[in-house]
Amino acid sequence: LAKTTQPISMDSYEGQEVNITCSHNNIATNDYITWYQQFPSQGPRFIIQGYKTKVTNEVASLFIPADRKSSTLSLPRVSLSDTAVYYCLVGGPGRGSTLGRLYFGRGTQLTVWP
Amino acid sequence: DTEVTQTPKHLVMGMTNKKSLKCEQHMGHRAMYWYKQKAKKPPELMFVYSYEKLSINESVPSRFSPECPNSSLLNLHLHALQPEDSALYLCASSQAVGFYGYTFGSGTRLTVV
């Protein structure tokens, strides 16, 4: 199972763009990269998922280089309400004992200041 | 309906009590999950159900007993818990096992006294 490494914490100010990078050196060919956001005492919320190149939705963009050994979550113009823990997860359909085993790493605590 | 609903939101139980946590979804998802989260830690996988059958048990102590009565409902039965079992218990669902766009519930905050 691919292990992920993220910065433990990041700080930003309102209105800035925030980029959170995740390393996943042993990502498997059929693995996808998924990012979740979690506020205190709430369940994680799905943000975005991608396999390669760039994916964009209404809240974020996900950049994945050709070698797929890392990925970057980009949050445009953050606000105070974006203060949360962001998790990068890697997993795919897998086979056998790996199927369904989606593990959370330590995540990145993003703090947005006024 | 695009939500996973967990009840109760808060639960305090003694070490000799028996209680159950409930999770419900009506999105037609065929995979459901239980995670446990301690303060300041990431969620830890406990159980995975696929098409109402238990497919993964992450060596969870037998005082935690999962049950999936139907495709919309997931229960976690608790018995003889320890204070260290106090945590936020999260339920999630996905289209199927292997599809990682999970929908999580808000969790049940469990305190064992």
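Residue numbering restarts at 1 for every chain, and letters A, B, ... go by the order of the sequence lines.
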Residue part contacting chain A, namely of B/E58, when any heavy atom lies under 4.5 Å: side chain
Distance, nearest 0.5 Å, that separates CD of A/Q109 from NZ of B/K40: 7.0 Å
More than 12 heavy atoms of other groups within 6.0 Å of B/R30 CZ: yes
Max heavy-atom pair count under 4.5 Å with chain A, selected residue of B/A96, B/G107, B/G101: B/G101
Shared hydrophobic cluster for B/L21 and B/L88 (ILVMFWY, side-chain gaps under 4.5 Å): no
Single-linkage hydrophobic cluster B/Y89~B/Y49, side-chain heavy atoms < 4.5 angstrom: yes
In one Ile/Leu/Val/Met/Phe/Trp/Tyr side-chain cluster, 4.5 Å: B/L73, B/V97: no
Contact check, side chains of B/T103 and A/F46, non-hydrogen atoms, under 4.5 Å: no
Nearest atoms (heavy-atom pairs only) where A/Y87 meets B/K41: OH-O, 3.9 Å
In one Ile/Leu/Val/Met/Phe/Trp/Tyr side-chain cluster, 4.5 Å: B/L11, B/W34: yes
Residues 47-83 of chain A: residues contacting chain B (heavy atom under 4.5 Å, by number): A/Q49
Pair A/R45-B/Y102, side-chain contact (heavy atoms from CB on, under 4.5 Å): steps then yes or no: CA-CA 8 Å; A/R45 182 178 76 101; B/Y102 290 8; over 6 Å; no
Exercise: identify the closest heavy-atom pair between A/F104 and B/P42: CB-CB, 3.8 Å
Contacts of residues 36-43 of chain A with chain B (heavy atom under 4.5 Å): A/Y36, A/Q38, A/S41, A/Q42, A/G43
Engaged part of B/Q6 at the chain A interface, taking heavy atoms whose separation is under 4.5 Å: neither
Co-membership, hydrophobic cluster, residues B/L78 and B/L90, 4.5 Å side-chain: no
B/M15, CE atom: more than 12 neighbouring heavy atoms under 6.0 Å: no
